[in-house]
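Note sheet for the following structure.
Naming: A, B, ... by sequence-line order, numbering from 1 per chain.
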Amino acid sequence: MNATAVDKWSSGTSPFNVTWGKLMMWLFLVSDAFTFGALLISYASIRASAESWPNPEEVFSAFPFIHAKIPLGFVSLMTFILIASSVTMVLAVRAGALKNRQGVVKYLGLTIIGGLIFLASQAWEWTHLIMEGMTISSNPWGPPQFGQFFFLITGFHGAHVLSGVILNLIVLIKALNGDFDRSGSYQVVENVGLYWHFVDLVWVFVFLAYYLISA
Amino acid sequence: MAQAISIRSVMIVFWVLFIVTIVEVAMAIYWPEELPKGILDFFLVLFTLVKAYFIVAEFMHLKYELRPLIIMVLSPLILFIWFILAFVIDGTWWGYLKQWIGL
């Protein structure tokens, strides 16, 4: 379709018609899907072998600044924040494709803010649960493995959100510098966008495995 | 391909994700005790796969890529069928063993 893609593959037509960076990002995401898959499936395996398991609606019912118990209220809010930041990321990628620097800066900035709010929410939730006595070695609601896997999986996901925020920040600074206008390609925005959506995708499955499934 | 991103489709996906999540949470909280939990879990997994489809197809734009790329990304995921079955069956069996031999 375009000349550069043909050059890169040195043949008549490109099988993927994507840039090198984007292809490598997809390959990385496939491998990362298996990393998260391994964590979630080992969690499922331990859970299947346990005699009892805590009811997530009971464990995750606290909400900051409000003393009422809202089952799953806070994590649902965190989910919506992540979905909203995914939407702003799509808009940033779209602005990048249209070579609209102001749009990229605006929407990437909103995405970073969304990611930071999510991280802050997770920090609050962790603090709250540790105060309640749930650590990697103890769990007042049942088997300690619940706490171990909770901190392992949400921590690993949180580390992904943090690195996503840092990557977005780097791209934002480069966009502000006008690097992409000079090179004429906003491809990097799309690559970090893929990573950010993947983080959102993983959260959908963490949400299912940890907060929703009850049997 | 850049032109393929329309604000309309982005907003549709946003509302799908939003509403499906609300439905999931409501089902998990208000599921009647007398109905088997297996049905609930089936629907929760189904709804999660619907959300995953929309994120990957629309947000990650995979639907609009060339077919070889789609196959390259999705075909390794078939391994998850073995992965999930093997480990969940093993965990369940281990749970039974613990009860039988009283570990």
Side-chain angles (χ1 to χ4, degrees), chain A residues 1 13-18 22-23 26-27 29-31 33-34 37-38 40-42 44-51 56-57 71-73 75-76 79-80 83-84 86-87 89-91 93-94 96-99 186 190 193-194 196-198 200-201 204-205 207-209 211-215, chain B residues 1-7 9-11 13-14 17-18 21-22 24-25 27-29 31 36-38 40-41 44-45 47-49 51-52 55-56 58-62 65-69 72-77 79-80 83-84 86-99:
Chain A
M1 282 172 82
T13 53
S14 150
F16 297 139
N17 196 28
V18 292
K22 186 172 164 183
L23 184 64
W26 269 114
L27 285 175
L29 294 183
V30 170
S31 73
F34 277 92
L40 286 171
I41 291 165
S42 56
S45 173
I46 292 293
R47 182 171 175 168
S49 78
E51 274 176 58
E57 285 150 42
L72 303 181
V75 282
S76 303
T79 307
F80 295 141
I83 291 172
S86 240
V87 171
M89 191 77 228
V90 175
L91 297 176
V93 172
R94 182 176 183 275
L98 300 172
K99 300 206 193 304
Y186 277 85
E190 195 184 345
L194 284 176
W196 191 258
H197 296 313
F198 177 77
D200 186 23
L201 178 69
V204 165
F205 283 95
F207 190 63
L208 170 76
Y211 299 97
L212 291 177
I213 283 192
S214 54
Chain B
M1 54 132 275
Q3 284 69 32
I5 305 177
S6 73
I7 300 277
S9 72
V10 170
M11 290 326 285
V13 176
F14 170 73
L17 296 177
F18 191 82
T21 305
I22 289 175
E24 277 184 323
V25 172
M27 276 176 74
I29 293 173
W31 190 254
K37 292 274 193 189
L40 170 66
D41 291 342
L44 291 177
V45 171
F47 286 159
T48 299
L49 291 176
K51 287 201 286 185
I55 291 174
V56 175
E58 296 289 344
F59 279 2
M60 298 174 89
H61 221 253
L62 190 62
E65 304 291 354
L66 289 184
R67 187 176 293 264
L69 182 68
M72 185 201 77
V73 169
L74 294 183
S75 57
L77 303 183
L79 280 170
F80 270 117
F83 204 174
I84 292 168
F87 279 79
V88 171
I89 290 170
D90 189 57
T92 314
W93 177 243
W94 176 238
Y96 284 131
L97 271 188
K98 279 199 294 190
Q99 284 183 346

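Residue Leu74(B): no heavy atom, backbone or side chain, is found under 4.5 Å from chain A. Of the two parts of Leu40(A), neither the backbone nor the side chain holds a non-hydrogen atom closer than 4.5 Å to a non-hydrogen atom of chain B. Of the two parts of Ile46(A), neither the backbone nor the side chain holds a non-hydrogen atom closer than 4.5 Å to a non-hydrogen atom of chain B. Within the 4.5 angstrom heavy-atom criterion, only side-chain atoms of Val30(A), from C-beta onward, approach chain B. With a 4.5 Å cut-off on non-hydrogen atoms, Leu49(B) touches chain A through its side chain but not through its backbone. Heavy atoms of Leu40(B) lying under 4.5 Å from chain A belong exclusively to its side chain. Neither the backbone nor the side chain of Ala209(A) comes within less than 4.5 Å of any heavy atom in chain B.
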Does the side chain to side chain contact (heavy atoms under 4.5 Å, CB included) test come out yes or no for Phe198(A) and Met60(B), once each step is laid out? CA-CA 8 Å; Phe198(A) 177 77; Met60(B) 298 174 89; 4.1 Å; yes
Steps toward side chain to side chain contact (heavy atoms under 4.5 Å, CB included) verdict (Val90(A), Glu58(B)): CA-CA 9 Å; Val90(A) 175; Glu58(B) 296 289 344; over 6 Å; no
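In terms of heavy-atom proximity, Val88(B) sits nearest to Ala48(A) at O-CB, 4.0 Å. What you find for Met72(B) and Leu27(A) is that their closest heavy atoms are CE-CD2, 3.7 Å. The two atoms that bring Ala28(B) and Leu212(A) nearest to each other are CB-CD2, 3.9 Å, heavy atoms only. Summarising the geometry of Pro15(A) relative to Pro68(B), their closest heavy-atom pair is O-CG, 3.1 Å, with the distance given to 0.1 Å. Nearest heavy atoms, Val45(B) versus Leu208(A): N-CD1, 4.0 Å. Of all the heavy atoms in His197(A) and Ile55(B), the pair that sits closest is O-CG2, 3.8 Å.
Classified by interplanar angle (parallel below 30°, tilted 30° to 60°, perpendicular above 60°), the ring pair Phe80(B)/Phe34(A) is parallel.
For the set Ile89(B), Val25(B), Val56(B), the entry with the most heavy-atom pairs within less than 4.5 Å of chain A is Val25(B). Ranked by non-hydrogen atom pairs under 4.5 Å with chain A, the options Asp90(B), Ile22(B), Ile29(B) are led by Ile29(B). Among Leu29(A), Leu91(A), Ile83(A), the residue making the largest number of heavy-atom pairs under 4.5 Å with chain B is Ile83(A).
Applying the side chain to side chain donor-acceptor pair (under 3.5 Å) rule to Thr48(B) yields the partners Glu24(B); only residues at least two apart in sequence or on another chain are considered. Phe18(B) meets the ring-ring contact (aromatic ring centres under 6.0 Å, His included) test with Phe80(A), Phe14(B), Trp15(B); sequence neighbours excluded.
Inter-residue side-chain proximity for Leu201(A) and Phe59(B) is flagged as unmet; no heavy-atom pair is nearer than 4.5 Å. Contact annotation: the side chain of Leu23(A) approaches that of Leu69(B) to within less than 4.5 Å [non-hydrogen atoms, C-beta and beyond].
With rounding to the nearest 0.5 angstrom, the NE2 atom of His61(B) is 7.5 Å from the NZ atom of Lys22(A).
A side-chain donor-acceptor contact under 3.5 Å links Ser45(A) to the backbone of Phe87(B).
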